[in-house]
Amino acid sequence: MKRIRQLNKKTRTVQTKPVRNRTHKFIAGLLSAIIPGMGHIYLRLYMRGLTFMLLVLLDLSAVLYFSSIGIQINVPLLILLALCIPVIYFYNVYDVLQSADWVMMRRRRAVVTQATSDKPISNERSIRDAMMVWERGISFGLLLIVGGSLMVLFFRKPRWFQEILAMYGGYSFAVLLIVGGLLLFGREFWVMLNKKKM
C-alpha cells in the first residue's frame, strides 16, 4: 500500500513538471499560421514540418513557372495549383493542432514511465530521448529528392522540360493521379485484410 502511495505521489509531481510548457498548442498553431511547417518543427516533428514547407514552396514555384513560360498556358492547371496553396495552409494548421495533443500526451507518458520505473534515472538526457518523437520512413527522402529536382527544373526552365510539359503534361498528370489512387486503394485494401485476419 505504501508503494502505491509513493508511486501516486511521484506521478503527481511528474505531471506538474514543465512538459506542458514546452509544447503549447497555441504557440504551435500560431507558428504554423505564420509560416507553414514551423509549428511542426516547434513540436520536434521535423520531417512533417519540412514536408509542409516543401509542398508550399513547390506549389508556389509551379504557379510561377506555369504563369511565366512561353508555351500555351493551361488556365485550369493554374487555378488548381493556386487553390492548392490554401488547402495545404489550412491542413497544416489543422494537423499541427492535432499533433500537439498527441506529442504532449506521448511526452507526459514518457516522463511518467521514467518516474514510476524501478530503474534510477541516469540523467536528464535519457528523459529527453524518451520524450523525442521519432519519425521514420523513406517517403520523406523521396519527397526531398523529387521536390528538389522539380524546383531546379522550375527555376532553370530548360527547353526540353517545356517541350515535355507541352506534349505530355496532361497525360503524365493523369497517370500520376491514377498511380496515386491505386496506391491508396492498395493500402486501404491491405489494412482491411489485416483487420479481418485479427
Side-chain angles (χ1 to χ4, degrees), residues 7-65 80-117 119-155 180 183-184 187-188 191:
L7 287 177
N8 286 338
K9 286 180 183 177
K10 281 184 183 180
T11 55
R12 279 187 205 138
T13 57
V14 168
Q15 287 176 349
T16 58
K17 281 189 177 181
V19 176
R20 274 184 211 155
N21 298 335
R22 287 190 196 155
T23 53
H24 278 98
K25 193 174 185 177
F26 175 75
I27 295 174
L30 183 66
L31 286 173
S32 279
I34 295 171
I35 300 172
M38 279 303 292
H40 292 90
I41 291 174
Y42 174 74
L43 294 172
R44 298 182 193 163
L45 298 170
Y46 300 113
M47 291 184 188
R48 208 178 284 185
L50 290 173
T51 301
F52 279 113
M53 286 181 181
L54 182 66
L55 287 176
V56 170
L57 285 175
L58 267 177
D59 200 9
L60 288 172
S61 302
V63 168
L64 291 174
Y65 176 79
L80 178 69
L81 288 172
L83 286 175
C84 282
I85 294 172
V87 169
I88 295 169
Y89 177 80
F90 286 115
Y91 182 73
N92 156 57
V93 173
Y94 167 77
D95 188 59
V96 81
L97 293 176
Q98 298 298 315
S99 299
D101 290 334
W102 180 75
V103 167
M104 285 190 290
M105 180 184 67
R106 184 177 172 120
R107 288 180 184 166
R108 270 190 230 119
R109 192 179 302 152
V111 170
V112 169
T113 305
Q114 282 284 343
T116 57
S117 66
K119 299 174 187 174
I121 300 170
S122 58
N123 55 11
E124 186 68 26
R125 187 171 181 176
S126 63
I127 295 176
R128 226 179 320 139
D129 291 342
M131 287 167 44
M132 187 71 182
V133 180
W134 296 106
E135 301 169 282
R136 293 186 174 91
I138 63 167
S139 58
F140 181 69
L142 291 175
L143 181 71
L144 285 179
I145 291 169
V146 171
S149 304
L150 282 174
M151 287 185 81
V152 167
L153 292 174
F154 287 151
F155 287 114
L183 287 173
L184 289 174
R187 189 183 73 174
E188 292 299 320
V191 168

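Given the structure is predicted, the values throughout are model-derived calculations rather than measurements. Sequential numbering from 1 along the given sequence is applied to the chain's residues.
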With rounding to the nearest 0.5 angstrom, report the [atom1] to [atom2] distance, [X] to [Y].
X	Y	atom1	atom2	result
Leu81	Ser61	CG	OG	10.5 Å
Leu57	Leu150	CG	CG	12.5 Å
Lys25	Leu30	NZ	CG	14.5 Å
Asn92	Met53	CG	CE	9.0 Å
Leu54	Leu58	CG	CG	4.5 Å
Ile41	Leu31	CD1	CG	9.5 Å

Over all atoms of both residues, closest heavy-atom pair of [X] and [Y]:
X	Y	answer
Val96	Gly39	CG2-C, 3.5 Å
Asp59	Ile88	OD2-CD1, 4.2 Å
Tyr65	Leu153	CE1-O, 4.2 Å
Tyr89	Ala33	OH-O, 2.5 Å

key: Any Asp95 side-chain heavy atom under 4.5 Å of Phe52 side chain   =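 Heavy-atom side-chain distance check passes, below 4.5 Å.
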task = Kindly determine whether Thr51 and His40 satisfy side-chain contact (heavy atoms from CB on, under 4.5 Å), including the steps that lead there.
result = CA-CA 10 Å; Thr51 301; His40 292 90; over 6 Å; no
